[in-house]
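Proteins come first, then strands; the chains are lettered A, B, ... in the order of their sequence lines, and each starts at number 1.
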Amino acid sequence: VVCWTALFIAYAHNGNLKESKVIFDAIPEPDLVAWTSMLVVYAQNGYLSKARKIFGRMPQRDLVSWTAMLSAYARNGNLRESKLIFDDIPELDLPSWNAMLSAYSQNGHLEDAKRIFHMMPARNLSSCNAILSAYSQEGDVPNAKRCFDKMPQHCMVSWNAMLAAYARAGHLEDARIFFATFHETDLVSRNTMLVAFSQAGNIQEATRIFDDMPFWDSVSWSSMLFAYALNGHLDNAKEMYDRVPYRD
RNA sequence: AUUCGGGCGUUGU
């Protein structure tokens, strides 16, 4: 059952949802991990009702599956249901607090996110990243920066979240300067800068970022495509479209 | 030892 679970998760990561489900269905007695994994596979691909169905059919549930369902609702904009689950969980652990925190953060409820952040019994890097992202979404660069500077550790997610705060607030110059201080960049950092340049109408810089990337994901492709399209370069947009190596 | 089948954090339409 362990190998089958690993296998259907791998299929899902490659975009083969149907195959993934076929494998899951072939498992004679799926255990808690298999059920939860199937739930997450659906949730992460936007199939909330299928995820909910899996959740309802699970023979047992534990803290991990409750938290997975909480996040599934949050990711799909159903904050009320997330809160109901959160209130029903008997023993909360750090990931479940974090899940509720990011549920508020992802849905633009800064005040609730702050409340949770101060209420939780312990915090880790994910908690700090989530609250930083809440400020970022609000366009509150000063508080985002204060939060970033106060954090005991940073990782790529923290750097990228701060970069996104500058970008979203339209502080392109600050974003550019901050980006230049990165010791390493990843797909997300580059995509963020690509979009920032594109939104400022600077197609040359956006293109330069795109061309310098070692690999691309669907965000890179669609961002570059829209960068051309929204700036009137329909011919280039069309060329981009034809170059996309997959459809989704 | 980030001990490797599951839940929490960052980017586009």
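- Of the charged side-chain nitrogens involved, none lies within less than 4.0 Å of a carboxylate oxygen, so that A:D211 and A:R208 do not count as a salt-bridged pair.
- Spacing of C1' atoms, B:G6 relative to B:G12, comes out at 28 Å, to the nearest Å.
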**OP:** With side chain to side chain donor-acceptor pair (under 3.5 Å) as the test, would you mind laying out the steps for A:N107 and A:D112 before giving the verdict?
**Re:** CA-CA 10 Å; A:N107 290 280; A:D112 289 315; over 6 Å; no

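- If you check every strand for non-hydrogen atoms under 4.0 Å, A:A72 touches nothing.
- Residue A:D186 is classed as having no contact, given no heavy-atom separation below 4.0 Å to the nucleic acid.
- Rounding to whole angstrom units, CE of residue A:M240 and C1' of B:G12 are separated by 14 Å.
- Taking only side-chain atoms of A:V64, from C-beta outward, the nucleotide of B:U10, B:U11, B:G7 with the closest atom is B:G7.
- As rounded to whole Å, 21 Å separates atom P of B:G5 from atom CD of A:E29.
- If you take CZ of A:F148 and C1' of B:U10, they are 12 Å apart, rounded to a whole angstrom.
- On a pure distance criterion of 3.5 Å, a polar donor-acceptor pair joins the side chain of A:T67 and the base of B:G7.
- Across all strands shown, A:L225 has no heavy atoms under 4.0 Å from either base or sugar-phosphate atoms.
- In this structure, of B:G5, B:G7, B:U10, it is B:G5 that holds the atom nearest to the side chain of A:V1.
- As a whole-Å value, the separation of A:W221 CH2 from B:G12 P is 19 Å.
- Between A:M120 atom CE and B:G9 atom P the separation is 12 Å, expressed in whole Å.
- The base of B:G9 has none of its N or O atoms less than 3.5 Å from a complementary donor or acceptor on the side chain of A:N124.
- Using a 4.0 Å cut-off, some side-chain N or O of A:Q106 falls inside it from OP1 or OP2 of B:G9.
- Two residues are said to be in side-chain contact when any heavy atoms from C-beta on lie closer than 4.5 Å; A:F55 and A:W35 fail this criterion.
- Heavy atoms of A:S71 sit under 4.0 angstrom from primed sugar atoms or phosphate atoms, though from no base atom.
- Aromatic rings of A:W66 and A:F86 (six-membered ring for Trp) have centroids beyond the 6.0 Å cut-off, not under it.
- The residue A:L194 sits apart from the nucleic acid: no heavy atom pair falls under 4.0 Å.
- Residue A:S37 places its side chain closer to B:G5 than to any other of B:G7, B:G5, B:G9.
- The nucleotide whose nearest atom lies closest to any side-chain atom of A:D62 is, among B:G6, B:G5, B:U10, B:G6.
- Closest to the A:V219 side chain, of the nucleotides B:G5, B:G9, B:G12, is B:G12.
- When the shell of 6.0 Å around NZ of A:K114 is examined, it contains more than 12 heavy atoms from other residues, nucleotides or ligands.
- Computed from coordinates, the A:M193 CE to B:U11 P distance equals 15 Å when rounded to whole Å.
- For the OP1/OP2 pair of B:U10 and a distance below 4.0 Å, the side-chain nitrogens and oxygens of A:R168 include no atom meeting the criterion.
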Name the atoms and distances for all side-chain donor-acceptor pairs under 3.5 Å in residues 165-184 of chain A, with sequence neighbours left out.
from   : atom 1 : to     : atom 2 : distance (Å)
A:E173 : OE1    : A:R176 : NH1    : 3.4
A:T181 : OG1    : A:F178 : O      : 2.6

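- The nearest whole Å value for the distance from the CD1 atom in A:I85 to the P atom in B:C8 is 13 Å.
- For the pair A:Q106/A:L79, no side-chain contact is recorded, criterion being any heavy-atom separation below 4.5 Å from C-beta on.
- As judged by a 4.0 angstrom heavy-atom cut-off over every strand, A:C3 is placed among residues making no nucleic acid contact.
- On a pure distance criterion of 3.5 Å, no polar donor-acceptor pair joins the side chain of A:S223 and the base of B:G12.
- A:L70 and A:S96 make their closest contact through CD1-O, 4.5 Å (heavy atoms, listed as atom of the first residue, atom of the second, distance).
- Taking every side-chain heavy atom of A:N191 into account, B:U11 is the closest of B:G7, B:U11, B:C8.
- Residue contacts shown for A:R61 are absent, as no nucleic acid heavy atom lies under 4.0 Å away.
- Distance from the side chain of A:V195 is smallest to B:G12 among B:G5, B:G7, B:G12.
- Scanning atom types as modelled, no donor and acceptor separated by under 3.5 angstrom connect the side chain of A:D217 and the base of B:G12.
- The side chain of A:T5 lies closest to B:G5 when the candidates are B:G5, B:U11, B:C8.
- Atom name C1', nucleotides B:G5 and B:G9: the rounded distance is 22 Å, in whole Å.
- Base contact: A:L125 has a heavy atom under 4.0 Å from a base atom.
- Looking at the side chain of A:S102, the nearest of the listed nucleotides B:U11, B:G7, B:G9 is B:G9.
- The C1' atoms of B:C8 and B:U2 are separated by 16 Å, rounded to the nearest whole Å.
- Separating the CG atom of A:L39 from the P atom of B:G6 is a distance of 14 Å, rounded to the nearest angstrom.
- Of the listed nucleotides (B:C8, B:G6, B:U10), B:G6 has the atom at the smallest distance from the side chain of A:V40.
- Using P as the reference atom, B:A1 and B:G7 are 23 Å apart when rounded to the nearest Å.
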